[in-house]
Enquirer: 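This is the structure I have questions about; it appears just below.
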Amino acid sequence: MKKYIISGVCVIAVILTAYFFISGQGYRYKRRVFENTPEWTKEGAPLIAHACGGLWEEKEDGSKKLLDYTNSREALINSLENGYRLIEADFKITTDGDFACTHYWPDEQEDPVSTEEWLNFKIEGKYTSMMMEDVLEILMDYPDVYLVTDLKSDHSKEEVQQEFSLLYDQVMKVTGGELLDRIIPQIYNREMYDWVKEIYPWPSLIYTLYKQDDVPNEEIIAFVREREDIPVVTMPKRRLDEGFIEELHGVGKYVYSHTWNSLKKIQELMEMGVDGFYTDSATPQKFQEKFGKS
């Protein structure tokens, strides 16, 4: 009888182990620690709220639709309330020379609109549009939150420095400089590094590769190896490669990727070596419930 009980216990243990493995509950998140690791990579879930984060909208049939790229006040507040410590936002310059928080102009037109037009525009017909000043004012109430900027110019030194000078001036005007070191600019090519640093010595930059398909892995590794202020390299799905990821880890760099909403896919990528994720809907709470805290 005792033998059968032991056998039964073993069978149950095997079944439970298989269940947790299949469901992903057995995978535990473990944060890598490198020398000179910046504060914003140390705590919380390794998630960046993409375009201020997504919003769930209920449809007439009761189902829910995920709205992305709104960059709206509602999306930002929702992300902050959901515990994100890293917020990515898109900014474009209006005809008045101000930063609007947007990825697209109304009706996806190419030409910019005035500041007044933008502030009067309702995103998806209902959500509140913002200027950079609005974003900064909100973040003043969240001292542990960092802003990852997605500015659009990368073609010339003049254009890039115009945008980053405006960014610097806005942060100084609204926060008295308090938020300067909580701004994490993204750069889209290697030339931008010096152009941006001439405006202000931002403590951290993110080198994002979605416009760098023609740059070999070895050149990217050589570039970031010598720059401690680039702790993260971000890449799209098409650039993810285990060997490349391992080499970046070898020179002390974290690898982030965009844009991922499925926790199942996020687990697969973490097992591949990816450290962090831009996301519309994978909240820190859901992440930590599934993978734990590091």
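Please read all numbers here as calculations on a predicted model, not as lab measurements.
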Enquirer: Carefully, step by step, assess Asp150 and Tyr188 under the rule side-chain hydrogen bond (donor to acceptor under 3.5 Å, both in side chains).
Expert: CA-CA 10 Å; Asp150 191 350; Tyr188 313 109; 2.5 Å; yes
Enquirer: Hydrogens and angles aside, do Asp181 and Tyr200 bring a side-chain donor and acceptor to less than 3.5 Å of each other?
Expert: yes
Enquirer: Using modelled atom types only, decide if a donor and an acceptor are shared between the side chain of Ser257 and the backbone of Met235 within a distance under 3.5 Å.
Expert: yes
Enquirer: Using a 3.5 Å distance criterion without hydrogens, assess whether the side chain of Gln186 forms a donor-acceptor pair with backbone atoms of Thr208.
Expert: no
Enquirer: Does the ring pair (Phe, Tyr, Trp, His ring centres under 6.0 Å) test come out yes or no for Phe287 and Phe277, once each step is laid out?
Expert: CA-CA 11 Å; Phe287 182 95; Phe277 306 88; 7.3 Å; no
Enquirer: Tell me if a side-chain donor or acceptor on Glu219 pairs with a main-chain N or O of Pro216 at a distance below 3.5 Å.
Expert: no
Enquirer: So, taking the atom named CE in Met130 and the one named CD in Glu74, what distance separates them when rounded to the nearest 0.5 Å?
Expert: 8.5 Å
Enquirer: Rounded to the nearest 0.5 Å, what's the gap from CZ on Phe91 to CG on Leu151? Could you check?
Expert: 7.5 Å
Enquirer: Is Arg227 close to Leu205 at the side-chain level, that is, under 4.5 Å between some pair of heavy atoms?
Expert: no
Enquirer: Please determine whether a side-chain nitrogen of the Lys or Arg among Glu163 and Lys152 lies less than 4.0 Å from a carboxylate oxygen of the Asp or Glu.
Expert: no
Enquirer: Within this structure, what is the CE-CD distance for the pair Met131 and Glu137, rounded to the nearest 0.5 Å?
Expert: 11.5 Å
Enquirer: Measure the CG-CD distance between Asn189 and Gln212 for me, rounded to the nearest 0.5 Å.
Expert: 5.5 Å
Enquirer: Salt bridge or not for Lys265 and Glu268, using N-O below 4.0 Å?
Expert: yes
Enquirer: If hydrophobic clusters are built by linking Ile, Leu, Val, Met, Phe, Trp and Tyr wherever their side-chain heavy atoms come under 4.5 Å apart, do Tyr210 and Tyr69 end up in the same one?
Expert: no
Enquirer: Report yes or no: does His249 contribute a side-chain atom to a donor-acceptor pair with the main-chain N or O of Gly273 at less than 3.5 Å?
Expert: yes
Enquirer: Strictly by modelled atom types, are Glu289 and Gln285 linked by a side-chain donor-acceptor pair under 3.5 Å?
Expert: yes
Enquirer: Within the 4.5 Å heavy-atom criterion, are Trp195 and Phe164 side-chain neighbours or not?
Expert: no
Enquirer: For residues 97-108, which side-chain donor-acceptor pairs fall under 3.5 Å, sequence neighbours excluded?
Expert:
residue	atom	partner	partner atom	Å
Asp98	OD2	Thr115	OG1	2.7
Thr102	OG1	Tyr104	N	3.0
Thr102	OG1	Tyr104	O	2.3

Enquirer: Nearest 0.5 Å please: distance from the OG1 atom of Thr175 over to the CG atom of Leu139.
Expert: 10.0 Å
Enquirer: Would the distance check show the side chain of Ser129 and the main-chain N or O of Trp118 forming a donor-acceptor pair, the cut-off being under 3.5 Å?
Expert: yes
